[in-house]
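Treat the numbers as computed from the prediction; the structure is a model and nothing was measured. In what follows, every chain begins at residue 1, and chains take the letters A, B, ... in the order their sequences are listed.
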2 protein chains.
Amino acid sequence: MSVRFALLALLEQGPKYGYQLRSEFEQRTGSTWPLNVGQVYTTLTRLERDGLVEGAGSDEQGHVVYRVTDAGRDEVATWFTTPVARTQPPRDELAIKLALAVTVPGVDVGTVIQQQRSATIRALQDYTRLKRQEPLDLAWSLVLESLVFAAEAEVRWLDHCEARVRRAAAEAPAPEPSRTDEKQETTR
Amino acid sequence: MSVRFALLALLEQGPKYGYQLRSEFEQRTGSTWPLNVGQVYTTLTRLERDGLVEGAGSDEQGHVVYRVTDAGRDEVATWFTTPVARTQPPRDELAIKLALAVTVPGVDVGTVIQQQRSATIRALQDYTRLKRQEPLDLAWSLVLESLVFAAEAEVRWLDHCEARVRRAAAEAPAPEPSRTDEKQETTR
DNA sequence: ACAGCCATGTAACTTGTTACATGATTTT
DNA sequence: AAAATCATGTAACAAGTTACATGGCTGT
């Protein structure tokens, strides 16, 4: 729903047209989350279908302009006042991947972790490089820092996982798959 | 794609049936990411359509069992060896929300931040409570810790945002919206 | 003339997600 | 007997996403 709400929120600043919405969105989130223009138009159509925006004719340059409705304003207000639910956070692909890597036999968890850490550290360096580009918009700057904080946490978590997996391997041996035909344990 | 890959990876342990796949998935990710059984069946159908799994008849109890194909095994191997791309991470709704909150006039960023911090801290306490439940599966335990690390990072980021927003407010006054009719600044 | 950006759209598709139907088996 | 759980599915839809078509305008 992020894109949907973002466009709605942007329209609260005043009527805007599709292409403009994309550039304003990308101005705030930088190159991190590029937004396909097509999606702006599909989203606008769906917002209009749901009565949250309405067409507002054309501006002086002939742009097709949309305006937020009262229902739309309500929606944005609710969005801003309601915290993002952390009780059921979005599925984290990396967490799922590691959870399965420690489970499925024949997967080298150590390698998975190391590869991921390299990738994350590389991303972290990209962020640092971006930060040095002086004239940073406040919004874009905050987004960038959220990425930095998240990536740092990810690296720490990966280190933590590595340690725990090593410890678990030390306790329960089972180093070789060694042709011990897989016994199907029931999960009930 | 998380669910898709997760089911595929689970099937590498040997043929399984739909209901079983759900319980095995939830055993590893705890109650964090509940998986609707229906989705298991739709996903299995789509995996079969794409040639990554195939029906394997019924087991002794009459369960409809699926088995991973060679193409499916390749897919899983690639998934495990390819790090999750942090160059274009999934859109973070909270980051987007704050980026827009500091932009759209009339939104009280301070309140947004405080509410979110409360919610995140509450989630953090839930995680701590869950951790105390002794017999934790390794996978589920790692997932839980990833949530903890992420939530802690989020709180730190929110604190950071609060400080930056306060500083920005001190530099540029603009405290009241004060009926100064919105002047549309062009974004070009 | 041509390349490239601005601008508006549409068709097609993917994954995720839920609500519902249906029946078997198990527990109370 | 009733309630709960196991088990398999289907229909329908939402949001995200991209590839493509189309045309105007601008700079070289």
Atom pairs under 3.5 Å: protein N/O with N/O of nucleotides 21-24 of chain C:
none

Just the atom pairs and distances: protein N or O near nucleotides 21-27 of chain D's N or O, under 3.5 Å.
none

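Residue Y19(B) contributes atom OH, which lies 13 Å from atom C1' of dG9(D) at whole-angstrom precision. Protein atom CD of E60(B) is 13 Å distant from nucleotide atom P of dA7(D), rounded to whole Å.
In terms of the side-chain hydrogen bond (donor to acceptor under 3.5 Å, both in side chains) criterion, residue partners of E93(A) (sequence neighbours excluded) are, by chain and number, W79(B). Residues that satisfy the side-chain hydrogen bond (donor to acceptor under 3.5 Å, both in side chains) test with N36(B), not counting sequence neighbours, are absent from this structure. Not counting sequence neighbours, T42(A) has no partner by the side-chain hydrogen bond (donor to acceptor under 3.5 Å, both in side chains) test. With sequence neighbours excluded, no residue forms a salt bridge (Lys or Arg N to Asp or Glu O under 4.0 Å) with R156(A). Residues forming a side-chain hydrogen bond (donor to acceptor under 3.5 Å, both in side chains) with D74(B) (at least two apart in sequence, or on another chain): none. For R122(B), there are no salt bridge (Lys or Arg N to Asp or Glu O under 4.0 Å) partners, not counting sequence neighbours.
Sequence neighbours left out, the pairs with a member in residues 80-90 of chain A that pass side chain to side chain donor-acceptor pair (under 3.5 Å) are R86(A)-E154(B).
With 3.5 Å as the limit, one finds no donor-acceptor pair spanning the side chains of T29(B) and R91(A). Inspection of the E145(A) and H160(B) side chains reveals an N or O donor paired with an N or O acceptor under 3.5 Å.
Between its opening and closing five pairs, the helix from dA1(C)-dT28(D) to dT28(C)-dA1(D) changes axis direction by 20°, a value rounded to 10 degrees.
Within a heavy-atom distance below 4.0 Å of DNA chain D, no residue of residues 72-79 of chain B is found. For DNA chain D, the residues of residues 36-50 of chain B within the heavy-atom distance limit of 4.0 Å (strictly under) are V37(B), G38(B), Y41(B), T42(B), sorted by number.
Cation-pi geometry between R22(A) and F25(A) is not satisfied (NZ or CZ under 6.0 Å from the ring centre, within 45° of the ring normal).
Heavy-atom distances to DNA chain D give each of R91(B) and V65(B) a nearest nucleotide, and the one nearer the 5′ end belongs to V65(B).
Under a hydrophobic clustering in which Ile, Leu, Val, Met, Phe, Trp and Tyr are joined whenever their side-chain heavy atoms come within less than 4.5 Å, directly or via other members, L138(B) and V112(A) fall into the same cluster.
Salt bridge status for D159(A) with R117(A): present, with a side-chain N to carboxylate O gap under 4.0 Å.
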